[in-house]
Number of protein chains: 2
Amino acid sequence: MAKRLTQQDIARMAGVSQATVSLVLNNRTDGGVRIAPETRARVLEVIRRTGYVANPIARRLHDQRNRILGVFTYEAVFPSTRADFYQPFLEGIEEQAEVAGCDLLLFTSAKATEGKRRIFSDDSRIRLADGCVLLGRSIDRDDLAQLVAEAIPFVSIGRRDDAGGPVPHIGADYRAAVRDLVDRSVALGHRRFAYVGAGTGAESSADRLRGFKQAVAAHGVEGTHVQFAGLGQLLDAGITAVLAEEVSDGAALVLAARQRGLSVPGDLSVLTLGAATRPAPDDIGLTGFRIPRREMGRRAVQALTEVLEHGTTPQELLACEFVEGTTLGPRRAQG
Amino acid sequence: MAKRLTQQDIARMAGVSQATVSLVLNNRTDGGVRIAPETRARVLEVIRRTGYVANPIARRLHDQRNRILGVFTYEAVFPSTRADFYQPFLEGIEEQAEVAGCDLLLFTSAKATEGKRRIFSDDSRIRLADGCVLLGRSIDRDDLAQLVAEAIPFVSIGRRDDAGGPVPHIGADYRAAVRDLVDRSVALGHRRFAYVGAGTGAESSADRLRGFKQAVAAHGVEGTHVQFAGLGQLLDAGITAVLAEEVSDGAALVLAARQRGLSVPGDLSVLTLGAATRPAPDDIGLTGFRIPRREMGRRAVQALTEVLEHGTTPQELLACEFVEGTTLGPRRAQG
DNA sequence: TCAAGATGCTAATTCGAATTATTACAGGGT
DNA sequence: ACCCTGTAATAATTCGAATTAGCATCTTGA
């Protein structure tokens with residue numbers, strides 16, 4: 001197989017030294033470096049002819065930066081079961097990477113152990129890239145702590161609690177978004193709420209539940225939290241508005257209610273909080289909010305650029321947009 | 001920022017040389033390498049205490065391999081408009097890359113010129129990877145020729161004509177697939193066929209048309225080729241079976257026929273040849289064949305591995321699977 | 001007791017590119 | 001002839017780990 005070209009090869013062809021090639025390549029004119037125009041032209045011509053590109057590995061070894069940004073996901077990126085979830089983030093990431101003139105490295109080599117990938121295994125390749133975007137609902141806390149401890153440049157998509165230090169992230173402002181939904185519902189007369197979903201574990205779940213609790217407290221209305229949706233139980237408790245963390249749970253509630261001959265939103269309002277770990281029907285028109293996934297991807301790459309250039313620790317929550325839908329209505333005047 | 005530990009540091013702490021640390025780390029026992037058990041233990045203890053991990057960059061520099069496979073597409077990968085097309089290929093690519101223990105590099109830095117990316121522009125980063133998979137309906141012929149000329153390890157997804165030499169590729173066997181459709185149709189009594197579509201330009205189009213022509217010739221039946229579908233014109237010509245290159249064209253024909261009060265496949269059989277450059281409705285149940293996209297992605301990565309290891313030029317066409325559908329039926333006995 | 005062989009480790013080199021220090025050589029002034 | 005200055009290029013070193021050749025030191029056996 002044709003061996004890969006090195007600067008030494010280019011140098012030989014152009015009749016100069018390897019150092020000269022490097023200087024020409026990097027367009028160095030500072031620090032008393034001078035290259036005669038004709039020499040420069042000769043070297044550039046050889047480079048053009050051969051299509052030579054500096055070995056990123058060697059480059060990275062010497063200094064920092066090879067214009068490669070890593071993307072780490074805890075599951076495979078492409079399988080269509082995951083596509084709906086990852087896709088919008090990746091769109092934003094790709095878009096901004098193109099703007100930044102960087103290539104994207106997908107860490108597919110990280111072998112899955114017990115179904116989950118780990119960043120730090122026997123042979124972590126994370127440092128191949130200049131920096132890294134982390135994607136996934138929940139991220140291993142040990143991995144996160146090690147990233148922070150080793151000062152590896154990275155940005156998490158999704159807010160993360162401290163892990164031995166602040167974790168740079170671009171998240172969605174679930175607290176504000178959930179509060180907004182409660183506000184709207186209260187304005188429509190609702191006084192008894194239920195939050196259906198985990199509400200714990202991943203930061204995104206915790207944030208939603210926190211927003212819910214803040215909002216019901218602020219309005220002085222009733223709000224309960226249950227892990228799973230039991231329609232009868234909710235109705236018995238006199239609840240008129242349900243906030244379902246998972247989209248599929250929200251959809252299931254709407255269908256169950258209608259099967260009982262109830263009207264949504266006439267008898268019960270159902271709101272969804274956008275979590276999508278399971279596929280859900282999309283023809284129900286659930287009221288809720290849109291997670292700015294694409295924008296989060298874009299901002300994450302921008303933030304990573306800042307980390308790389310200034311060593312900062314950006315943390316930002318992006319606003320979610322209200323989605324009108326058809327499942328929120330005024331509370332029915334009750335007997 | 002705490003500087004990263006090196007083997008030299010570990011060596012100092014354990015009172016041995018850097019070489020010894022390397023030998024212990026790689027568990028080398030071959031080629032007359034011997035390390036006393038207690039020395040080994042001492043080094044391992046220091047490694048354990050410090051949490052040292054070998055710098056992958058330095059490691060790759062030495063190995064001449066960076067275990068990075070490139071993926072080049074002429075359009076952005078992730079935008080959802082393209083998702084249906086690229087997705088299955090990428091699934092296969094990712095799957096096999098994981099098996100091979102390689103990471104995937106998406107060439108997002110290749111700026112688009114006139115809406116199309118080019119592999120070889122000012123500053124091609126194609127050589128960042130060990131090898132490269134090319135994806136896209138049509139690939140710039142100059143790019144292709146240069147890849148061949150420079151002996152850059154790559155594999156095209158989709159058959160390609162020679163470009164200054166044979167082009168390594170994993171394609172779909174469109175000729176066989178189209179012949180099969182004609183065979184089935186002839187068996188059902190059809191004698192007058194039309195091929196609707198480009199039939200030229202990209203290799204994939206040419207292969208389909210070639211299969212069509214071979215089949216009608218073999219059966220001694222009538223077969224015409226038109227670029228665009230005019231339903232009336234087809235019916236006037238007494239055609240009873242249409243093969244539409246584009247799925248969307250096939251779907252349009254079915255809808256147009258039914259709008260005229262005709263039955264498909266009662267009055268006209270419509271077959272599709274799987275090209276999907278435009279979105280098409282998927283609820284029509286067109287008869288045709290399935291392009292093994294995922295498998296092609298997998299095989300392409302395998303083939304690339306072979307190219308890298310043995311410098312071969314693999315060329316392979318994978319079989320397409322017949323899809324029953326509802327738009328092919330026996331020719332109606334005509335007055 | 002001394003060569004032969006086994007054992008345990010290290011010095012030195014390699015990979016490819018970036019950078020610094022240094023050399024080589026021209027022409028100008030005295 | 002000599003020094004100085006500017007210009008143009010190169011030699012040598014660096015990064016971190018892997019590898020090979022080779023140097024000590026210690027056992028054996030005759």
Side-chain angles (χ1 to χ4, degrees), chain A residues 3-44 46-47 50 52-68 122-128 130 150, chain B residues 2-44 46-47 50 52-68 123 125 127-130:
Chain A
K3 214 194 77 220
R4 191 196 171 101
L5 284 174
T6 70
Q7 279 192 353
Q8 194 60 254
D9 298 323
I10 304 297
R12 251 190 302 274
M13 295 186 215
V16 296
S17 71
Q18 175 263 325
T20 304
V21 176
S22 172
L23 294 174
V24 169
L25 208 60
N26 295 27
N27 213 14
R28 288 275 309 271
T29 50
D30 57 303
V33 170
R34 282 173 297 263
I35 305 288
E38 57 266 29
T39 306
R40 177 182 299 275
R42 190 152 32 92
V43 172
L44 285 175
V46 175
I47 290 174
T50 55
Y52 167 82
V53 182
N55 183 333
I57 301 294
R59 186 173 235 158
R60 185 77 169 87
L61 179 61
H62 186 270
D63 45 42
Q64 226 97 216
R65 293 186 77 82
N66 45 29
R67 297 209 149 279
I68 292 178
D122 320 333
D123 175 23
S124 172
R125 314 233 307 147
I126 195 90
R127 283 179 188 271
L128 277 179
D130 289 341
E150 295 192 15
Chain B
K3 214 194 83 225
R4 195 194 164 92
L5 283 173
T6 71
Q7 279 192 356
Q8 195 60 254
D9 298 324
I10 304 297
R12 251 190 301 275
M13 294 187 216
V16 296
S17 71
Q18 175 264 322
T20 302
V21 176
S22 173
L23 294 174
V24 168
L25 208 60
N26 295 31
N27 213 13
R28 288 276 307 274
T29 48
D30 56 304
V33 170
R34 282 174 297 264
I35 304 289
E38 57 266 29
T39 306
R40 178 182 298 275
R42 189 151 33 93
V43 172
L44 285 175
V46 174
I47 290 173
T50 55
Y52 167 82
V53 181
N55 183 337
I57 301 293
R59 188 174 244 164
R60 291 309 156 205
L61 177 61
H62 190 270
D63 297 354
Q64 299 285 64
R65 260 296 244 288
N66 47 37
R67 299 207 149 278
I68 292 177
D123 173 25
R125 314 232 309 152
R127 286 171 195 272
L128 284 178
D130 290 339

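Computation of the quantities below employed the complete heavy-atom set of this structure, encompassing side-chain atoms and omitting hydrogens, waters and symmetry-equivalent molecules. This one's a predicted model, so the numbers in the text were calculated from it and none came from an experiment. Here is how names work: the chains are called A, B, and so on, in the same order as the sequence lines, proteins then strands, and each is numbered from 1.
- The interatomic distance linking A/L25 (CG) with C/dA17 (C1') rounds to 9 Å, in whole Å.
- Rounded to an integer number of Å, the gap from A/Q7 CD to D/dA11 C1' is 15 Å.
- If you measure from atom NE2 of B/H62 to atom P of D/dC15, you get 17 Å, rounded to the nearest angstrom.
- Comparing A/A36 and B/Q8, the nucleotide of DNA chain D nearest to each residue sits closer to the 5' end for A/A36.
- The distance between atom CD of A/Q18 and atom P of C/dT20, rounded to the nearest whole Å, is 14 Å.
- The distance between atom CG of B/L61 and atom P of C/dA18, rounded to the nearest whole Å, is 12 Å.
- Judged by distance alone, the side chain of A/N26 and the main-chain N or O of A/R28 form no donor-acceptor pair under 3.5 Å.
- For the atom pair CD of A/Q18 and CG of A/L23, the computed distance is 9.0 Å after rounding to the nearest 0.5 Å.
- Contact annotation for A/V16: backbone-only contact, meaning every heavy-atom pair under 4.0 Å involves sugar-phosphate atoms and none involves a base.
- One can place CZ of A/R34 at 13 Å from C1' of C/dT22, the figure rounded to the nearest angstrom.
- Taking 4.0 angstrom as the limit, B/Y52 places none of its side-chain polar atoms (N or O) nearer than this to OP1 or OP2 of D/dG16.
- Here the nucleotide nearest the side chain of A/I35, chosen from D/dA9, C/dG16, D/dA17, is D/dA9.
- A/T6 places none of its side-chain heavy atoms less than 4.5 Å from the side chain of A/N55.
- Residue B/T20 has a polar side-chain atom (N or O) positioned under 4.0 Å from OP1 or OP2 of C/dT10.
- Between the CD1 atom of A/I57 and the CG atom of B/D63 there is a distance of 9.5 Å, given to the nearest 0.5 Å.
- Regarding contacts with the backbone of D/dA18, every side-chain N or O of B/R28 stays at 4.0 angstrom or more from both OP1 and OP2.
- Distance A/D9 CG to C/dG16 P: 8 Å, rounded to the nearest Å.
- Taking only side-chain atoms of A/S17, from C-beta outward, the nucleotide of D/dT10, D/dA17, D/dT19 with the closest atom is D/dT10.
- Toward the 5′ end of DNA chain C lies the nearest nucleotide of B/P37, the other residue of the pair B/P37 and A/N26 mapping further downstream.
- Among the protein residues, B/V33 comes within range of no part of the nucleic acid, since none of its heavy atoms lies under 4.0 Å from any strand.
- B/D63 comes within 4.0 angstrom of nothing in the nucleic acid, heavy atoms only.
- For the pair A/R40 CZ and D/dT10 P, the interatomic distance rounds to 14 Å; values are reported in whole Å.
- For the pair A/T39/A/R34, no side-chain contact is recorded, criterion being any heavy-atom separation below 4.5 Å from C-beta on.
- The 5' end of DNA chain C is approached more closely, in terms of each residue's nearest nucleotide, by B/T39 than by the other of B/A58 and B/T39.
- Counting any heavy atom pair closer than 4.0 Å across all strands shown, B/A19 reaches a base atom.
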